[in-house]
Amino acid sequence: MRLAGKTALVTGGNSGIGLATAKLFVAEGAKVAITGRNAETLAAAQKELGPQAIALAADATDVAATEAAIKKAVEKFGKLDIVFANAGIPGSTPLGSTTLAAFEQVIRTNITGVFFTVQAALPHLNDGASIILNGSVISVLGNPGYAAYAASKAGVRGMARVMASELSPRGIRVNVVSPGAARTPIWKGAAPTADAFSALEKRIALSTPLGRMGEADHIAKTVLFLASDDAAHIQGAEIFVDGGATGSPAGAPVYRG
Ligand code: NDP
């Protein structure tokens with residue numbers, strides 16, 4: 001058990017990558033507090049994760065609610081050793097037709113929410129803790145229509161490096177996991193039907209050197225590594241879990257003869 005005796009917070013732990021990570025953390029012996037907004041999926045996740053977990057309703061853009069949830073988690077399980085600031089939203093913001101509200105919602109959730117999650121957790125973190133922020137390949141790929149999302153995830157990378165500098169004196173590590181397209185409910189807006197999803201999956205497989213879409217577990221296992229002592233000397237790093245989409249794009253099936 002790689003996380004025996006550890007306590008973790010996973011924001012957005014009621015769906016997709018966050019839920020897969022929370023399950024893995026519990027299986028590895030951690031006590032886990034998850035947050036999210038959707039009462040139904042929070043209750044389902046609580047049932048699935050069992051008594052080693054607590055599911056708490058908290059909007060990551062609401063600083064007071066985030067602080068209150070963390071306080072509850074710490075009262076139940078003790079001080080935190082791991083924070084996975086994972087909650088995030090996509091959001092289409094094409095040049096020419098984007099409202100200020102739509103742009104700001106993405107930034108508020110994916111950057112401001114992440115910063116204040118870490119700040120709220122800080123007084124409750126043990127020295128030597130591990131913080132992992134969720135980035136994205138979209139911070140570097142230039143996907144059309146994703147300006148706010150790309151900016152938010154590039155911002156996460158920049159912010160992580162600053163946090164790593166600020167928290168090194170306490171031995172606290174801050175790293176980023178940056179997924180490529182992975183099979184989670186995040187795609188329900190962009191690909192709402194089975195046909196649309198299968199077309200999306202095909203496009204992604206063609207542009208990914210390893211020829212497939214990622215799974216939530218691919219990311220969760222990397223987060224587990226960064227959370228664990230196996231990553232004890234990794235600080236301020238970003239690990240892409242993307243089947244080669246950013247590191248070796250020329251190897252994608254679409255370029256093969
Ligand atoms: P999901 O849509 O499955 O999960 C998103 C999670 O974030 C949900 O649990 C959701 O909870 C939570 N969330 C969103 N907004 C808020 C908020 N304001 N307050 C609290 N919780 C919130 O998507 P993924 O699991 O795929 O996404 C997780 C992270 O991974 C995101 O940061 C995303 O940007 C990133 N990512 C995902 C990729 C993918 O292809 N899947 C690729 C690259 C990055 P609720 O529904 O209750 O609001």
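Quick caveat, the model's predicted, so the values are computed rather than measured. Counting starts at 1 for both ligands and their atoms, in listed order.
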Asks: Can you give me the closest heavy-atom contact between Gln235 and Asn175, atom names plus distance?
Replies: C-OD1, 3.4 Å

Asks: Considering non-hydrogen atoms only, spot the tightest contact between Thr35 and Asn14 and give its length.
Replies: O-OD1, 3.6 Å

Asks: Could you give the N/O to N/O pairs under 3.5 Å linking ligand 1 and the protein, each with its distance?
Replies:
residue  : atom   : partner : partner atom : Å
ligand 1 : 3 (O)  : Ser15   : OG           : 2.6
ligand 1 : 9 (O)  : Gly12   : O            : 3.2
ligand 1 : 9 (O)  : Asn14   : OD1          : 2.5
ligand 1 : 11 (O) : Asn14   : OD1          : 3.3
ligand 1 : 15 (N) : Arg37   : NH2          : 3.3
ligand 1 : 18 (N) : Asp59   : OD1          : 2.9
ligand 1 : 19 (N) : Ala60   : N            : 2.7
ligand 1 : 25 (O) : Ile17   : N            : 2.8
ligand 1 : 26 (O) : Thr184  : OG1          : 2.5
ligand 1 : 30 (O) : Asn134  : ND2          : 3.0
ligand 1 : 32 (O) : Asn86   : O            : 2.8
ligand 1 : 32 (O) : Lys153  : NZ           : 2.9
ligand 1 : 34 (O) : Tyr149  : OH           : 2.6
ligand 1 : 34 (O) : Lys153  : NZ           : 3.1
ligand 1 : 40 (O) : Ala182  : N            : 2.7
ligand 1 : 40 (O) : Ala182  : O            : 3.3
ligand 1 : 40 (O) : Trp187  : NE1          : 3.2
ligand 1 : 41 (N) : Ala182  : O            : 3.2
ligand 1 : 41 (N) : Thr184  : OG1          : 3.2
ligand 1 : 47 (O) : Asn14   : ND2          : 2.8
ligand 1 : 47 (O) : Arg37   : N            : 2.6
ligand 1 : 47 (O) : Asn38   : N            : 2.7
ligand 1 : 48 (O) : Arg37   : NE           : 2.6
ligand 1 : 48 (O) : Arg37   : NH2          : 2.9

Asks: Search all heavy atoms of Pro179 against all heavy atoms of Gly135 and return the closest pair with its distance.
Replies: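 For Pro179 versus Gly135, the nearest heavy atoms are CD-O, 3.4 Å.
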
Asks: Is the shortest side-chain N to carboxylate O distance from Glu201 to Arg183 below 4.0 Å?
Replies: yes

Asks: Is a side-chain donor-acceptor pair under 3.5 Å present for Thr193 with Asp195?
Replies: no

Asks: Taking only residues two or more places apart in sequence, or in another chain, which ones meet Glu166 in a salt bridge (charged side-chain N to carboxylate O under 4.0 Å, His left out)?
Replies: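 Salt bridge (charged side-chain N to carboxylate O under 4.0 Å, His left out) list for Glu166, sorted by chain: empty.
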
